[in-house]
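Structure record follows, encoded as structure tokens.
Count residues from 1 along the sequence. Side chains are part of it too, since the values below use all heavy atoms of this structure and drop only hydrogens, waters and symmetry mates.
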Amino acid sequence: TGVQTCALPIWLQIPNALKMQSRIITHKDLLARLYTMPANFGRIHKAAVIENPYTKLTKDLYVIGKDEDGYYVEAQDVLKINIQKYLDEFRLIGDTFNIIDAPVVNFSINLNLKIREGFDIFDVIEETRTSLVQNLRFDTLQIGEAININDIIRVCSNIQGVMSIVTPVKDIITINTTDRVDEFNNLLEYNTNTINISENIDNGLVFPPPGGIFELKYSSKDIKIRGT
């Protein structure tokens with residue numbers, strides 16, 4: 001005599017199979033689940049997953065939201081709780097997620113251009129500013145993504161009236177941490193997060209802190225161009 005076994009009918013196995021297929025295995029799975037989270041749980045604007053340096057069973061999930069004016073803001077605590085509850089339904093046993101606010105680093109672009117003879121300085125400056133905003137789309141930078149200074153130089157070099165860029169590469173990007181008032185007495189507010197540019201630049205790429213994201217908050221004010 002032997003132990004008798006009886007397989008479950010196929011139709012009874014389908015729910016468990018579907019549930020296993022929906023489990024979060026990779027970083028891509030995690031982000032896919034997060035971006036398709038039901039609207040009643042809330043919405044995040046961007047997210048990224050980084051392996052926890054201390055344990056393979058924990059993933060660090062960095063998130064950021066946007067306010068009504070389109071500026072980056074930390075996700076509300078209730079949203080983080082909802083994200084945790086939602087992801088718990090799909091995580092593998094033993095996996096854990098740390099939900100962390102992505103540090104926002106506000107930056108400026110600083111350019112001193114040598115203008116070709118015969119071109120109006122102010123026209124060239126405005127054309128350069130417009131071209132930078134339209135071609136580089138800094139608003140699409142993701143969490144952990146670097147600012148590519150090489151692209152900034154390329155865009156400027158394609159402007160017909162620009163002869164050369166005088167500004168050293170290491171000085172093209174600066175970090176804004178102090179609030180200020182513009183010429184119209186409008187308050188420009190910045191995050192206090194900062195980085196050391198010289199320590200975070202590599203081959204023309206400026207990297208944010210771990211889990212961080214860059215924001216060109218006021219493009220009309222934070223792209224500073226001079227021409228000579």
Side-chain angles (χ1 to χ4, degrees), residues 45-46 48 50 62 64 66-67 69-73 102-228:
H45 183 67
K46 292 178 181 177
I50 297 178
Y62 288 87
I64 194 71
K66 273 193 172 184
D67 64 15
D69 295 317
Y71 302 134
Y72 289 137
V73 292
V104 178
V105 180
N106 297 129
F107 71 98
S108 287
I109 298 173
N110 306 279
L111 296 166
N112 188 359
L113 306 177
K114 182 69 175 177
I115 308 301
R116 295 184 187 277
E117 187 176 351
F119 286 84
D120 182 87
I121 291 178
F122 296 104
D123 287 347
V124 173
I125 287 175
E126 188 56 36
E127 183 181 356
T128 302
R129 187 193 315 277
T130 301
S131 187
L132 286 169
V133 172
Q134 292 181 348
N135 286 283
L136 299 186
R137 293 293 308 278
F138 295 104
D139 58 307
T140 65
L141 285 171
Q142 299 298 311
I143 294 173
E145 186 176 358
I147 300 168
N148 193 330
I149 298 179
N150 305 304
D151 284 345
I152 295 174
I153 294 172
R154 174 183 53 78
V155 168
C156 293
S157 299
N158 287 335
I159 302 298
Q160 190 176 7
V162 175
M163 177 180 292
S164 63
I165 300 172
V166 181
T167 312
V169 171
K170 64 181 180 62
D171 297 331
I172 290 179
I173 299 297
T174 56
I175 305 304
N176 299 322
T177 58
T178 304
D179 296 348
R180 60 189 175 92
V181 176
D182 68 9
E183 65 272 26
F184 302 108
N185 208 35
N186 297 312
L187 178 62
L188 306 180
E189 298 179 289
Y190 297 99
N191 287 282
T192 57
N193 301 310
T194 189
I195 59 169
N196 186 317
I197 296 290
S198 61
E199 294 178 358
N200 286 57
I201 189 171
D202 183 28
N203 292 322
L205 300 177
V206 180
F207 292 90
I213 187 168
F214 285 117
E215 179 184 40
L216 185 69
K217 193 168 186 180
Y218 309 102
S219 60
S220 63
K221 310 294 182 182
D222 294 334
I223 299 180
K224 305 169 185 177
I225 305 175
R226 292 182 298 170
T228 55

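In this structure, T130 contributes its side chain and E127 its backbone to no donor-acceptor pair below 3.5 Å. Side chain of R129 to main chain of I225: no donor-acceptor pair is present (N/O by atom type, distance under 3.5 Å, no hydrogens or angles). Side chain of T167 to backbone of N112: a donor-acceptor contact under 3.5 angstrom is found.
Taking the ring centroids of Y218 and Y190, they lie under the 6.0 Å cut-off.
A salt bridge is defined here as a Lys NZ or Arg NE, NH1 or NH2 lying under 4.0 Å from an Asp or Glu carboxylate O, and D222 with R180 meets this definition.
Annotation for L205 and A146: closest pair CB-CB, 4.0 Å, computed over non-hydrogen atoms. What you find for S131 and V155 is that their closest heavy atoms are OG-CG1, 3.3 Å. The minimum heavy-atom distance linking C156 with L132 is given by the pair SG-CD2, 4.3 Å.
K66 contributes atom NZ, which lies 6.0 Å from atom CG of D139 (distance to the nearest 0.5 angstrom).
Considering I175, T178, N191 in turn, N191 is the only one that fulfils the side chain to side chain contact (heavy atoms under 4.5 Å, CB included) rule with N106.
Using a 30° and 60° split on the angle between ring planes, H45 and Y72 fall in the tilted class, from 30° to 60°.
In summary, the side chains of N196 and S198 do present a donor paired with an acceptor at a separation below 3.5 Å, with no hydrogens or angles considered.
By the 4.5 Å heavy-atom criterion applied to side chains, T228 and I115 are not counted as neighbours.
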Audit row: K221, E183, salt bridge (Lys or Arg N to Asp or Glu O under 4.0 Å) steps and yes/no: CA-CA 10 Å; K221 310 294 182 182; E183 65 272 26; 3.1 Å; yes

